[in-house]
Amino acid sequence: MSSMTEYALARRPADWPQPEQLGFGQKLAPWVVSAEHRDGEGWSALHAMPLSEARSPMASGGLQYGLSVFEGLKAYRGPRGDAHLFRPREHAARLTSSARRLRMPHVPESLFIEACRLAARLHEDFLPPQGRGSLYLRPTLFADEEALGFRVAHTHRLALIVTPSSDPLPKTVNLWAESELARAAIGGTGAAKTGGNYAAGLLGLVRARERGCDDVAWLDAARTRLSEAGTMNLFVKIDDTWCTPPLDGTILPGITRDSLMTLMREQGVDVQERGLDLRELATLEREGRLGAAFGCGTAARIVRIASIRSESSTVSFPDDPQVAVLRDRLKRCQEGTESGFSTWACAI
Ligand SMILES: Cc1ncc(COP(=O)(O)O)c(C=O)c1O
């Protein structure tokens with residue numbers, strides 16, 4: 001694998017936006033970190049190239065058949081200003097399981113983490129000060145052999161791009177429960193982080209926006225239970241228990257979801273994986289047993305959900321100060337200012 005000494009640290013241009021103006025995914029950092037996998041040869045060494053020179057063949061399986069899986073993880077500055085990755089091992093494991101589902105090569109954890117560390121080190125100058133943002137890393141594994149036939153490709157590429165991002169602001173959203181379209185079904189690719197799931201879900205997002213909502217709430221294939229939002233896992237409080245849909249192979253196993261369940265359990269907060277039937281939630285609301293709801297993910301951290309609307313009903317969720325407390329605690333863990341979860345950070 002390449003060492004950092006071969007690369008110069010990319011310098012942030014003087015007119016680069018302030019962290020609060022970066023938003024998410026709008027400004028791409030200048031380098032791509034990449035490695036190639038060939039059948040029979042395995043993985044090449046990692047190398048970096050300017051983003052402007054990165055190319056992908058028109059006839060690749062990645063472009064033509066969606067043979068592409070990816071991850072989204074962040075690098076933060078810790079209390080002393082040094083940078084670390086948040087839970088890269090868990091992201092490596094999820095990329096491995098996504099790749100297995102699409103019959104793509106295994107990316108060793110060490111290669112994945114080294115690629116993330118190299119990309120973060122190259123762009124350290126772009127990483128906002130502690131508390132004000134992050135580097136969002138997007139490692140993508142795709143079939144890049146120049147061949148049009150539909151089959152397992154002989155060459156694949158792992159390529160990692162970086163976008164410096166603002167710290168996400170607290171937000172409240174309304175969701176539209178989609179009853180015509182489905183995102184996933186048992187046996188499908190719902191648990192894989194693959195572009196096809198997002199492509200299949202885009203119309204759902206558009207339909208939600210047309211109905212005045214901010215995002216889509218996907219239901220299971222039977223259209224009764226909540227699965228997840230467009231890019232977030234869901235939590236709903238029932239009585240004193242936080243409930244989240246189980247990992248049944250149809251939803252993305254979110255790293256934020258897992259972090260929050262760990263934090264809640266460690267604090268003695270009751271959290272359960274269980275089905276969330278929309279009609280049951282409406283009944284619980286009438287009985288006064290329905291508490292707050294939120295969505296969570298790497299990009300947005302925690303977003304309060306005020307309501308979930310559907311063709312037949314609207315379920316409203318009260319505000320709960322516990323949501324803001326959880327969001328602040330998660331931010332401290334991600335930034336490494338909360339003691340007790342040091343194993344979640346990996347120095348770059
Ligand atoms: C469909 C979907 N579900 C859930 C999540 C949350 O996952 P994570 O917490 O690992 O970012 C994401 C975010 O990437 C997503 O795209």
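Remember, it's 1-based here, ligands and their atoms both numbered in the order they're listed.
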Element-labelled atoms of ligand 1 that are located less than 4.0 Å from some non-hydrogen atom of G230: 1 (C)
N/O separation below 3.5 Å, R183 to ligand 1: no
Sub-4.0 Å atoms of ligand 1 with respect to non-hydrogen atoms of R94: 7 (O), 8 (P), 10 (O)
R309 to W176 six-membered ring, cation-pi geometry met (6.0 Å, 45°): no
Exam field: side chain T283 to backbone R279, donor-acceptor pair closer than 3.5 Å: yes
Protein contact to atom 9 (O) of ligand 1 [nearest heavy atom, distance to 0.1 Å]: T256 OG1, 2.5 Å
W242/F294 under ring-ring contact (aromatic ring centres under 6.0 Å, His included): CA gap, chis, key distance, verdict: CA-CA 10 Å; W242 283 102; F294 64 81; 5.1 Å; yes
R138-T163 side chain donor-acceptor pair, cut-off 3.5 Å: no
Short N or O distance, E228 and ligand 1, threshold 3.5 Å exclusive: yes
Pair T189, N197: side-chain N/O donor-acceptor within cut-off below 3.5 Å: yes
Protein residue, atom and distance nearest to atom 16 (O) of ligand 1, heavy-atom basis: Y198 OH, 2.4 Å
Location of contacts on E71 toward ligand 1, heavy atoms closer than 4.0 Å: neither
Check: S307 side chain, T314 main-chain N or O, donor-acceptor pair, under 3.5 Å: no
Derivation and outcome, side-chain hydrogen bond (donor to acceptor under 3.5 Å, both in side chains), residues D239 and T241: CA-CA 6 Å; D239 298 321; T241 303; over 6 Å; no
K193, portion touching ligand 1 at heavy-atom distance under 4.0 Å: side chain
I255 N/O under 3.5 Å from ligand 1 N/O: yes
Any N or O of T298 closer than 3.5 Å to N or O of ligand 1: yes
Distance-only polar pair, side chains of D144 and T155, donor-acceptor under 3.5 Å: yes
Pair Q334, R301: side-chain N/O donor-acceptor within cut-off below 3.5 Å: yes
Contact atoms of ligand 1, heavy-atom distance to N233 under 4.0 Å: 4 (C), 6 (C)
Side chain, backbone, both or neither: C296 near ligand 1, heavy atoms under 4.0 Å: backbone
Contact check, A299 vs ligand 1, heavy-atom distance below 4.0 Å: no
Pair Y65 and F142, ring centroids less than 6.0 Å apart: no
Nearest-neighbour protein heavy atom for atom 12 (C) of ligand 1, which is reported as residue plus atom name and distance: T231 O, 3.1 Å
Protein contact of atom 7 (O) of ligand 1 - nearest heavy atom, named by residue and atom, plus distance: G254 CA, 3.4 Å
